[in-house]
**Q** 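Have a look at the structure that comes next, please.
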Amino acid sequence: MTGTPNTKRVFIKTYGCQMNVYDSDRMTDALAIEGYEPTDHVEDADLVLLNTCHIREKAAEKVYSELGRVRVLKEAAAREGRRVVVGVAGCVAQAEGDEIARRAPVVDLVVGPQSYQHLPALLADVARGKRPVETEFAIAEKFERLPAAARERTQSRGVTAFLTIQEGCDKFCTFCVVPYTRGAEVSRPVARIVEEAERLVEAGVREVTLLGQNVNAWHGAGPDGSEWGLGQLLYRLAEIPGLARLRYTTSHPRDMDDALIAVHRDLPALMPYLHLPVQSGSDAILAAMNRRHRADDYLRLVDRIRDVRPDIAMSGDFIVGFPGESDADFEATMRLVERVGYAAAYSFKYSPRPGTPAAGLGTQVSDAVASERLYRLQALIAAQQTAFNQSKVGTHMDVLFERAGRRPGQIMGRSPYLQAVQLDGDPSWIGRIGRVAISGLGTNSLFGARIEAVPAPRATPLPEMAT
Ligand code: SAH
Ligand code: SF4
Ligand code: F3S
């Protein structure tokens, strides 16, 4: 199926982290200027983009299997006389650009995550019969030069949105590809971030999650020229009328300073949920990972955060089976998890990544041992998550209503702790916050009933809810 003569359709498949989700939306914006409309149906697309992730081997390998499926579609379209352009974007593109071009003849263009501003030019190259591979690091320009037309595009964004404020990473954990795929740390300027947040709120967004590979390393010049950190930025964003909730992710323990911790005490719009990965509870492994702190530093940090914000929910990331991880090292991780008590956490088997220092370490842990450790860790985390969710049954929580629920007459929202809450409600509530009595716990969500309308955390022009 083709659109009206001048309409082209783009299908973007997104893998990996939230930064890729954000980037895919911005690519959609940039392509809108070129006359592309987004489609959810790959078979309708004139342009197929895979926005890829390189973090673990499995993630990277998905790209090649997906390209196999796209090749079938491209060939079928060609038989109908229709050209489908196929592009690989994201972190695999950055890491394996030329190899992709070599391994997958179906690919017409490769574009790394810092080069999306060049997409229109790359498409023009493809039209001229070239096969461009663009992996320059030009992050300072990324998306900042989108013409006004794209910036003003009032795409329906829903109630919650991501906003990238920082990209890249200078930490060089020995297992991680991000410093190589995303380059050095770059913070976006305050004015750009505020402008984008205001636009999101105008489009109906009520909750913004600030994104960065190392988001709490964000820094910039405030309007008076003074040096701002993430805390000041959060305060500035909370002034935007209608912006009811703020979150940020992902943070590094080393960049969690006192000023930022205090914001968790003082700023009601900042939600009491913090993703603070530690990766391991063993000092030897933390040192080998180049995390640059000890397990005890992390535990004291969590205590300091909980001192100022006792109801904060913690989440984290863990790697098991890092080279040289002994039984005792792993038990230290289990103890750390027991001590912290997570509301949620993500855990992964170590995956050696080409070009990273850890990939060259000899003492690899056997897959059977790593699998067993992962199983035990995930069981502990799952039990903690259930206990956390259960602890909210019988309480009252503010819920931001996001969309229609599973069944007619139901509505779905999120608690301050990112829990999904299902309840009887009306679609007209979407975008508002209501107080909900939590009555039960299902597999993936809480159940409850609305008890009263609540004002947003600050005086805002949000519509009041009728009780
Ligand atoms: N910037 C974030 C992490 C981004 S990557 C931080 O510092 O915490 C997301 C998660 O993927 C990491 O926290 C880590 O747990 C996991 N990860 C990264 N590289 C990995 C690898 N080589 N093998 C297994 N898991 C990995
Ligand atoms: Fe990767 Fe470490 Fe940077 Fe996180 S802090 S992105 S794990 S190098
Ligand atoms: Fe993956 Fe790149 Fe994000 S490697 S996790 S998509 S920064």
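Note that ligands are numbered from 1 as they come in the structure, with each ligand's atoms numbered from 1 the same way. On a predicted model such as this, the values are computed, not experimentally measured, just so you know.
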**Q** Looking only at the side chains, is there a donor atom on one of Ser187 and Gln166 sitting less than 3.5 Å from an acceptor on the other?
**A**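 Ser187 vs Gln166: no donor-acceptor pair found between side chains.
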**Q** Considering only heavy atoms of Phe175, which atoms of ligand 2 have at least one such atom less than 4.0 Å away?
**A** 7 (S)
**Q** Do Ser415 and Lys392 pair up side chain to side chain, a donor and an acceptor below 3.5 Å, judged on atom types alone?
**A**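 The criterion, which ignores hydrogens and geometry beyond distance, is not satisfied for Lys392 and Ser415.
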**Q** Taking non-hydrogen atoms only, is Arg291 closer than 4.0 angstrom to ligand 1 via side chain, backbone, both or neither?
**A** side chain
**Q** Considering the heavy atoms of Phe172, write down every atom of ligand 2 situated less than 4.0 Å from one of them.
**A** 8 (S)
**Q** Go through ligand 1 atom by atom and flag the ones less than 4.0 Å from a non-hydrogen atom of Arg353.
**A** 22 (N)
**Q** Report the C-alpha separation of Met334 and Glu331 in whole Å, then their side-chain angles, then the decisive distance to 0.1 Å, and conclude whether the side-chain contact (heavy atoms from CB on, under 4.5 Å) test is met.
**A** CA-CA 5 Å; Met334 294 292 278; Glu331 294 309 326; 4.2 Å; yes
**Q** Out of all atoms in ligand 1, which are within 4.0 Å of some heavy atom of Tyr350? Include the element for each.
**A**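 Checking each atom against Tyr350, I get 23 (N), 24 (C).
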**Q** Which of the atoms of ligand 2 are close to Arg291, meaning less than 4.0 Å from one of its heavy atoms?
**A**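 Contacts of ligand 2 toward Arg291, numbered from 1: 2 (Fe), 7 (S).
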**Q** Quick check on the 6.0 Å ring-centre criterion: do Tyr417 and Tyr273 meet it?
**A** no
**Q** In ligand 2, which numbered atoms sit nearer than 4.0 Å to a non-hydrogen atom of Lys171?
**A** 3 (Fe), 5 (S)
**Q** Got a salt bridge between Arg26 and Asp23, using NZ or NE/NH1/NH2 to carboxylate O under 4.0 Å?
**A**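 No, Arg26 and Asp23 are not salt-bridged.
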**Q** Strictly under 2.8 Å of atom 3 (Fe) of ligand 3: which protein N/O/S atoms qualify?
**A** Cys17 SG
**Q** With ring centroids as reference points, do Tyr342 and Phe388 lie under 6.0 angstrom apart?
**A** no
**Q** Does the residue Val178 have a heavy-atom contact with ligand 1, meaning some pair of atoms that are separated by less than 4.0 Å?
**A** no
**Q** Report the part of Phe348 in contact with ligand 1, treating N, CA, C, O as backbone and CB onward as side chain, heavy atoms under 4.0 Å; options are side chain, backbone, both, neither.
**A** side chain
**Q** Less than 6.0 Å separating the ring centroids of Tyr248 and His264?
**A**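 Yes, ring centres under 6.0 Å apart.
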**Q** Would you kindly check if the NZ (Lys) or CZ (Arg) of Arg353 is within the cone defined by 45 degrees around the ring axis of Phe175 and under 6.0 Å from the six-membered ring centre?
**A** no
**Q** Taking N, O or S atoms only and a limit of 2.8 Å, check whether Cys169 reaches atom 3 (Fe) of ligand 2.
**A** yes
**Q** Between Asn51 and Ser24, do the side chains contain a donor N or O and an acceptor N or O under 3.5 Å apart?
**A**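 Yes, Asn51 and Ser24 have a side-chain donor paired with an acceptor closer than 3.5 Å.
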**Q** Any idea which protein heavy atom is nearest atom 9 (C) of ligand 1, and the distance to it?
**A** Asp317 OD2, 3.7 Å
**Q** Hey, is Ser351 touching ligand 1 through its side chain, its backbone, both or neither, going by heavy atoms under 4.0 Å?
**A**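 Contact part for Ser351 vs ligand 1: both backbone and side chain.
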**Q** Got a protein heavy atom sitting under 4.0 Å from atom 4 (C) of ligand 1?
**A**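 Protein heavy atoms within 4.0 Å of atom 4 (C) of ligand 1 - there are none.
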**Q** Using the side-chain contact (heavy atoms from CB on, under 4.5 Å) rule, take Leu67 and Leu50 through it: C-alpha gap first, then chi angles, then the decisive distance, then the call.
**A** CA-CA 9 Å; Leu67 282 173; Leu50 305 183; 3.7 Å; yes
**Q** At a 4.0 Å threshold, what atoms of ligand 2 neighbour a non-hydrogen atom of Cys173?
**A** 2 (Fe), 5 (S), 7 (S), 8 (S)
**Q** Is it the side chain (CB and beyond), the backbone, both or neither of Ile55 that lies under 4.0 Å from ligand 1, heavy atoms counted?
**A**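 Near ligand 1, Ile55 shows its backbone as well as its side chain.
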**Q** Would you call Asp303 and Arg339 a side-chain contact if the rule is heavy atoms closer than 4.5 Å?
**A**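 With C-beta onward as the side chain, the pair touches.
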**Q** Look at atom 19 (N) of ligand 1 and say which protein heavy atom is nearest, naming residue and atom and giving the distance to 0.1 Å.
**A**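 Sorting protein heavy atoms by distance from atom 19 (N) of ligand 1 puts Phe175 CD1, 3.3 Å first.
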**Q** Please give me the minimum heavy-atom distance between Pro179 and Cys169, naming the atom from each residue.
**A**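 Where Pro179 meets Cys169 most closely, the heavy atoms are CB-O, 3.5 Å.
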**Q** Please table the atom pairs, donor to acceptor, closer than 3.5 Å between any side-chain atom in residues 87-111 and protein atoms at least two apart or in another chain.
**A**
unit_1: Gln94; atom_1: NE2; unit_2: Thr135; atom_2: O; d: 3.1
unit_1: Glu96; atom_1: OE1; unit_2: Tyr64; atom_2: OH; d: 3.0
unit_1: Glu96; atom_1: OE2; unit_2: His54; atom_2: NE2; d: 3.2
unit_1: Asp108; atom_1: OD1; unit_2: Lys74; atom_2: NZ; d: 3.2
unit_1: Asp108; atom_1: OD1; unit_2: Arg83; atom_2: NH2; d: 3.1
unit_1: Asp108; atom_1: OD2; unit_2: Lys74; atom_2: NZ; d: 2.8
unit_1: Asp108; atom_1: OD2; unit_2: Val86; atom_2: N; d: 2.8

**Q** Which residue and atom name correspond to the protein heavy atom nearest atom 2 (C) of ligand 1, and how close is it?
**A**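 Ranked first by proximity to atom 2 (C) of ligand 1 is Thr250 CG2, 3.6 Å.
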**Q** State whether a side-chain donor-acceptor pair under 3.5 Å links Asp317 with Gln279.
**A**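 Note: Asp317 and Gln279 side chains miss the donor-acceptor criterion.
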**Q** Which atoms of ligand 2 have any heavy atom of His252 under 4.0 Å away?
**A**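 Those atoms are 5 (S).
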**Q** Among all protein non-hydrogen atoms, which one is nearest to atom 1 (Fe) of ligand 2, and what is the separation to 0.1 Å?
**A**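 Its nearest protein heavy-atom neighbour is Cys176 SG, 2.3 Å.
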**Q** Which residue and atom name correspond to the protein heavy atom nearest atom 14 (C) of ligand 1, and how close is it?
**A** Gln279 OE1, 3.3 Å
**Q** Going by an N to O cut-off under 4.0 Å, is there a salt bridge joining Arg373 and Glu325?
**A**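 Between Glu325 and Arg373 there is a salt bridge, with a charged N closer than 4.0 Å to a carboxylate O.
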**Q** Is the shortest side-chain heavy-atom distance between Asn214 and Asn216 below 4.5 Å?
**A** yes
**Q** Ignoring hydrogens and geometry beyond distance, is a side-chain donor-acceptor pair present between Asp329 and Ser326 at under 3.5 Å?
**A**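 There is such a pair between these side chains.
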**Q** Quick one: does Asn214 get within less than 4.0 Å of ligand 1, heavy atoms only?
**A**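 No, Asn214 has no heavy atoms under 4.0 Å from ligand 1.
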**Q** Contact between Val421 and Met412 at the side-chain level, heavy atoms closer than 4.5 Å - yes or no?
**A** no
**Q** How far is atom 11 (O) of ligand 1 from its nearest protein heavy atom, and which residue and atom is that?
**A**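 Result for atom 11 (O) of ligand 1: Arg56 NH1, 3.1 Å.
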**Q** Need the ligand 2 atom indices (1-based, order shown) with element for anything under 4.0 Å from a heavy-atom of Pro179.
**A**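 Once the distances to Pro179 are compared, the set is 8 (S).
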**Q** Mind checking whether Lys349 has a heavy atom under 4.0 Å from ligand 1?
**A**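 Lys349 counts as a contact of ligand 1 under the 4.0 Å cut-off.
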**Q** Between Glu402 and Arg414 (salt bridge meaning N to carboxylate O under 4.0 Å), is one present in this structure?
**A**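 Yes, this pair counts.
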**Q** To check your reading of the model: name the closest protein heavy atom to atom 1 (N) of ligand 1, its residue, and the distance in Å.
**A**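 Minimum-distance protein heavy atom for atom 1 (N) of ligand 1 reads Gln213 O, 2.7 Å.
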**Q** What is the nearest protein non-hydrogen atom to atom 8 (O) of ligand 1, stated with its residue, atom name and distance?
**A** Pro277 CG, 3.0 Å
